[in-house]
2 protein chains.
Amino acid sequence: MPAGPGPAADGTPEVDLRTPDGRSARWDEHRTQRRAALVHAARKAVHRHGPDVSMEEIAATAGTSKSIVYRYFQDKPGLQVAVGAAVVAQMHTALDEASRAAETPREGLRAMIDVYLAMVEHSPHVYYFVTRPLSEDAEAPLGHFLDAVANLIARPFTAVLTAGSRERVQADLWASGAVGFIRGTGEWWLSHREDDGAPTRLELTDRVTTWLLAGPVGFLTRTRQEASSHAEPPSTTETPCTTPTAHLNDEEQS
Amino acid sequence: MPAGPGPAADGTPEVDLRTPDGRSARWDEHRTQRRAALVHAARKAVHRHGPDVSMEEIAATAGTSKSIVYRYFQDKPGLQVAVGAAVVAQMHTALDEASRAAETPREGLRAMIDVYLAMVEHSPHVYYFVTRPLSEDAEAPLGHFLDAVANLIARPFTAVLTAGSRERVQADLWASGAVGFIRGTGEWWLSHREDDGAPTRLELTDRVTTWLLAGPVGFLTRTRQEASSHAEPPSTTETPCTTPTAHLNDEEQS
DNA sequence: CCACAGTACCTGATACCGTCAGTCTCGTGA
DNA sequence: TCACGAGACTGACGGTATCAGGTACTGTGG
């Protein structure tokens with residue numbers, strides 16, 4: 001069906017610009033509108049029925065049938081990334097407001113964490129839908145959504161940075177880790193929120209911000225002492241691998 | 001179907017202990033052996049065919065048919081957690097050797113990261129199989145595997161700790177974040193390993209260790225300056241929420 | 001300038017296919 | 001008699017195909 005020349009490969013299936021025919025152009029606005037509406041419906045359906053909604057249910061929520069959904073989205077992962085993009089866009093706008101007031105990178109990071117946790121708290125289903133990898137490859141297109149968030153995080157750091165590849169890579173790497181940290185704590189919090197001693201969202205935000213920027217300072221002074229005393233020299237080639245990483249897999253040999 | 005009294009809910013489907021019948025007890029050893037063999041076969045199959053193997057393929061790899069697999073494991077998630085447990089067990093033994101030599105928590109953490117990354121590197125398929133949530137609930141049984149790893153990480157810290165719930169929670173929380181950080185960087189590394197400027201696994205290990213314990217020191221001195229100056233007071237109630245977390249979901253109202 | 005045929009695209013329903021998780025049935029061997 | 005094991009079966013779901021409409025644009029002839 002996609003007779004178009006370009007390999008689009010993202011969610012959008014071949015919009016085919018080369019015809020200035022009014023009969024085609026007439027639908028352009030309608031198309032974008034409809035697509036947005038479908039994304040919205042998908043979010044609603046996921047929010048209601050959990051991250052494992054069937055396409056049929058999504059279509060039903062949108063008041064139509066599968067055919068339509070598949071006309072606008074390549075497949076389920078395609079829909080997933082579209083929803084993810086929408087969520088990221090919302091986070092981005094929310095972040096713009098926040099980072100206008102934020103001077104230091106610390107405030108920027110804090111705002112980021114806050115927005116992230118707010119999303120997690122407000123609609124865990126959508127969060128999981130967007131977060132969970134659906135692709136069978138699972139290697140290259142790891143976490144479209146999480147990658148985007150990592151970029152959001154890395155931006156304030158890389159902005160100050162010369163485009164030298166060495167440090168850029170460092171920033172990206174750290175951002176990936178930071179998103180992972182937030183994700184980990186966020187999901188832990190989601191399922192331990194009711195326990196006694198569990199922090200509120202704001203406490204969590206502050207704590208995670210501090211931990212990310214300064215390490216596990218504050219929650220354990222004793223171990224922290226040792227840790228920080230050893231953490232001073234961050235030379236990358238510290239000691240050769242002393243851990244006997246024992247063969248962790250025994251299932252290859254063809 | 002599960003006529004057994006206890007809510008097992010782990011991988012084991014009701015072994016039905018209430019019959020001390022010799023005709024039944026005769027099979028006990030065979031059962032545990034078989035179960036281990038099936039887990040092994042599952043790992044092999046996943047390693048070969050990717051994290052989306054069908055149960056049929058797993059059974060075929062084990063040289064049998066689905067019925068058998070379902071006799072020993074409740075369902076696919078059950079098998080998944082069994083495989084995860086096996087991997088965690090291997091990590092645990094690998095870690096025991098390492099942590100015998102490790103005095104400081106830092107060395108313990110470093111060893112942990114090393115083992116984790118080694119696993120990721122050696123068999124990404126198995127890693128994804130074990131890592132990805134398969135349950136539709138997706139909330140309570142979040143990441144059996146990742147939780148176990150988090151416990152592994154938290155142990156050296158909590159060992160020194162009084163059992164006071166307040167600090168235990170802190171340690172657990174931090175451990176979840178740390179695992180998330182390692183996961184994030186690990187998966188980033190998995191798909192950017194070939195880029196120029198990408199670190200080797202050992203460099204990555206050292207860097208992540210340092211970052212986790214002391215924050216992003218070393219890769220950007222300028223921003224780090226600001227960060228650390230603000231990071232000193234880790235009081236949990238720092239400033240009230242200044243970020244305008246904008247309504248991130250618009251899809252509820254029944 | 002206007003009617004008309006033809007066209008390009010959208011809609012939504014329904015039926016269909018392939019795959020896969022999970023179950024059931026029945027034969028076999030100790 | 002008991003567990004084992006193979007294979008047929010069911011149901012759900014992702015995804016495709018077909019079909020009968022519907023509506024606005026394009027071109028051409030009167």
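Quick note: numbers below take in every heavy atom, side chains included, and nothing from hydrogens, waters or symmetry partners. Each chain gets a letter, A, B and so on, in the order its sequence line appears, and its residues count up from 1.
Sorted by first and then second residue, the salt bridge (charged side-chain N to carboxylate O under 4.0 Å, His left out) pairs involving residues 170-184 of chain B (not counting sequence neighbours) are R183(B)-E187(B). Annotation: salt bridge (charged side-chain N to carboxylate O under 4.0 Å, His left out) contacts involving residues 80-89 of chain B, sequence neighbours excluded, are absent.
Regarding contacts with the backbone of dC9(C), every side-chain N or O of R34(A) stays at 4.0 angstrom or more from both OP1 and OP2. At the phosphate of dT23(C), neither OP1 nor OP2 sits under 4.0 Å from any side-chain N or O atom of R71(B).
For the pair D52(B) CG and dT19(C) C1', the computed distance is 12 Å after rounding to whole Å. Atom CD of E56(B) is separated from atom C1' of dG7(D) by 9 Å (rounded to the nearest Å). Summarising the geometry, the separation between OH on Y70(B) and C1' on dT10(D) is reported as 13 Å, rounded to the nearest angstrom. E57(B) has its CD atom 12 Å from the P atom of dT19(C), to the nearest Å.
Ring pair F181(B)/W174(A) is perpendicular by interplanar angle, where above 60° counts as perpendicular and below 30° as parallel.
Qualifying side-chain contact (heavy atoms from CB on, under 4.5 Å) partners for E56(A), counting only residues two or more places apart in sequence or in other chains: S54(A), K66(A). In this structure, the side-chain contact (heavy atoms from CB on, under 4.5 Å) partners of T200(B), at least two apart in sequence or on a different chain, are L202(B), E203(B). Residues satisfying the side-chain contact (heavy atoms from CB on, under 4.5 Å) criterion with A86(B), sequence neighbours excluded, are V39(B), R43(B). With sequence neighbours left out, the ring-ring contact (aromatic ring centres under 6.0 Å, His included) criterion links F129(A) to no other residue.
Inter-axis angle, ends of the helix from dC1(C)-dG30(D) to dA30(C)-dT1(D), five pairs per end, rounded to 10 degrees: 10°.
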Expected list for residues 57-65 of chain B: side-chain donor-acceptor pairs under 3.5 angstrom, two or more places apart:
from   : atom 1 : to     : atom 2 : distance (Å)
E57(B) : OE2    : H49(B) : NE2    : 3.4
T61(B) : OG1    : E57(B) : O      : 2.8

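Counting non-hydrogen atoms under 4.0 angstrom, V69(B) reaches nothing in the nucleic acid.
Residues from residues 61-68 of chain A with heavy atoms under 4.0 angstrom of DNA chain C, sorted by number: T64(A), S65(A), S67(A), I68(A).
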